[in-house]
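This report concerns only the one structure given below.
Quick note: numbers below take in every heavy atom, side chains included, and nothing from hydrogens, waters or symmetry partners. Quick note: residue numbers are just sequence positions, from 1.
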Amino acid sequence: MKPNERLKALADAPLGRLVTRFSWPALVSMTLNALYSIVDRIYIGQGCGQDAMAGLTLVFPVMMVFGAFGVFVGAGHAAVLSIKLGEGDRAACEKVLGELVALKLLFFFTLPPLVFIFIDPILRCSGGAAVTPGAFEMAKIYLRLVVFSHLFSHVAFGLSASMRSEGAVVPSMMCMVVGFGVNLVLDPIFIFGFGMGVAGAAWATNIAMACSCAWALWYYRPGHSAVRLRWRRIGFYRAYLAKACGIGLSPALQQLAGSLVNVSLQLAFAYWAADEASATAQVASLGIFQMVTMFFIMPLMGVQQGVAPVMGYNWGARNFRRVREALFLGLWTSTAVVTIAAALQVFAAVPIVRLFSDGTDAAFVRLAAGDLRVSNCMLWCIGLNVVASTYFQSVGRPRTAILLSLLRQVICLIPCIWILPYLAHMTGFCAPATAIWLSMPISDVLACLATVPPFRAHARFLARAGRGRNAG
């Protein structure tokens, strides 16, 4: 489909068919993005043991900080790009795209060098002081190798988000397909064939990220995309920087909150563990939880990536009826996705855990499966919070989006992580570690209930505005 036809489809195509066409490539993209880490954990869990699994779990919060910056730039600028495309301002679109690349380059020269220099204290602050020396060393090896390659992944993911804004959902998906395919092939070769272990997983990821970046830059060759990537446009523009950063702040804070949550969980397990072996087992179990949750959440994010450009474009075009229809379609689809995810994790926890373990430690399999059931049993109720955050981000309401994004992971979850184990310890109603896992379903329910009022208010506004436009 030509660029102009893609933009026309955002405004005129049948909504169900349009969102499906947008969502399935986004769903595939986000799932494959998650599988970068999941494939590494599966191979490492099968071939390198519990220490390696715990080591990669220690690294995960750092990777989430990197991801937060990527979302901050990518999601914010993609949302502004959707609105500017709806307004028909092509010069502004080129500047927004150039600014996205400039911010990615700025990231490369700041955050990765700091992490490389202060790698030991960073890992200790995330719970590394409580695990075995082997797990800590595995974390250092992996992080040192992957830290600088994030330039490639950030440019690739940022340009992929921009492709979705102009309706190029299949090229956006292919950006992830290329990287995942390379990673899937190289992981077993480097880990098992060359005997490189954790280092092999890191090098496979680095090469895969570089291939994704090359694909994204190839898409933006002259005459191919709706928005040109002009080298002279790469820079910072006061007219767009504040708005794009304001919109991107919501998902970025959500990512940072996720990193803070994982650090809190690792520190809480370390505090309540009886010894290094117990702490390492709980951190390894947490690593499995992270990967499984990521796998099931990424399709949810894919659905939101599919409806976001439809809502953003039609908000810019003042077609509020279509915005409301896309909002509710996203809600029902998201709820179905997370309901299936919750059911699978409750009823198939053991076979899921065995994917990440060689099966020789039956006690660990039982521990991780029980943790998975408890932690995600209420996952089915988070769809409302996620779709509401996406809506407010897409229509340029960053403050509400930020508040909703922080509800589940910061306002509700982090206090529960630290309060519930103390209550469990004093009252004896369960083990402190079990209470830590219970904090997650409790926060899911609280966040869902708190999202209802702003969601209902804006749904009513869109209904009134849509009727007024049709009457006019």
Side-chain angles (χ1 to χ4, degrees), residues 4 6-23 26 75-90 92-93 96 161 164-167 169 239-240 242-251 303-335 383-405 407 447-472:
N4 288 337
R6 290 196 297 262
L7 297 181
K8 188 175 184 299
L10 285 168
D12 300 332
L15 190 60
R17 190 185 310 162
L18 178 68
V19 172
T20 299
R21 182 165 64 84
F22 273 40
S23 291
H77 284 74
V80 173
L81 192 60
S82 287
I83 293 170
K84 292 300 176 183
L85 283 168
E87 295 172 353
D89 191 344
R90 295 302 181 90
C93 291
V96 171
R164 288 192 298 272
S165 295
E166 64 174 69
V169 287
Y240 312 112
K243 187 172 183 63
C245 290
I247 295 172
L249 189 59
S250 167
V303 172
Q304 303 315 308
Q305 295 282 357
V307 298
V310 180
M311 291 190 291
Y313 183 92
N314 286 284
W315 181 273
R318 300 299 183 263
N319 189 350
F320 298 112
R321 178 188 59 80
R322 194 167 174 84
V323 174
R324 187 176 187 274
E325 291 174 354
L327 173 64
F328 276 93
L329 185 59
L331 173 62
W332 307 134
T333 306
S334 299
T335 301
L384 177 64
N385 178 263
V386 173
V387 76
S389 300
T390 302
Y391 162 75
F392 287 111
Q393 174 191 323
S394 299
V395 302
R397 301 292 180 91
R399 292 181 182 178
T400 307
I402 290 169
L403 177 62
L404 292 178
S405 298
L407 258 177
C448 178
L449 295 175
T451 305
V452 171
F455 181 88
R456 288 185 64 187
H458 268 258
R460 289 170 178 170
F461 161 76
L462 291 173
R464 291 194 303 269
R467 286 195 298 269
R469 189 176 186 271
N470 290 338

### Under 3.5 Å donor-acceptor, Arg324 side chain and Ala459 backbone
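Yes; judged by distance alone, with no hydrogens or angles, the pair exists.
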Answer yes or no: is there a side-chain heavy-atom contact under 4.5 Å between [X] and [Y]?
X: Arg399; Y: Leu403; result: no
X: Arg321; Y: Leu462; result: no
X: Trp315; Y: Arg397; result: yes

Can you see which heavy atom on [X] is nearest to which on [Y], and at what distance?
X: Ala244; Y: Val80; answer: CA-CG2, 3.7 Å
X: Pro454; Y: Ala450; answer: CD-O, 3.7 Å
X: Val307; Y: Gly330; answer: CG1-CA, 4.1 Å
X: Ser389; Y: Ala401; answer: O-CB, 3.7 Å
X: Asn385; Y: Thr451; answer: ND2-OG1, 3.0 Å

### Query
Is the ring centre of Tyr240 less than 6.0 Å from the ring centre of His77?
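No - the distance between ring centres of Tyr240 and His77 does not fall below the 6.0 Å cut-off.
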### Task
For this output row, return yes or no: ring centroids of Phe328 and Tyr391 closer than 6.0 angstrom.
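No, too far apart.
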### Task
Evaluate the ring planes of Phe320 and Phe461, with Trp represented by its six-membered ring, and classify them as parallel (under 30°), tilted (30 to 60°) or perpendicular (over 60°).
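Phe320 and Phe461: perpendicular rings.
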### Task
Among Thr333, Leu331, Leu404, Thr335, find the one that has a side-chain contact (heavy atoms from CB on, under 4.5 Å) with Val387.
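The side-chain contact (heavy atoms from CB on, under 4.5 Å) with Val387 is passed solely by Leu331 among Thr333, Leu331, Leu404, Thr335.
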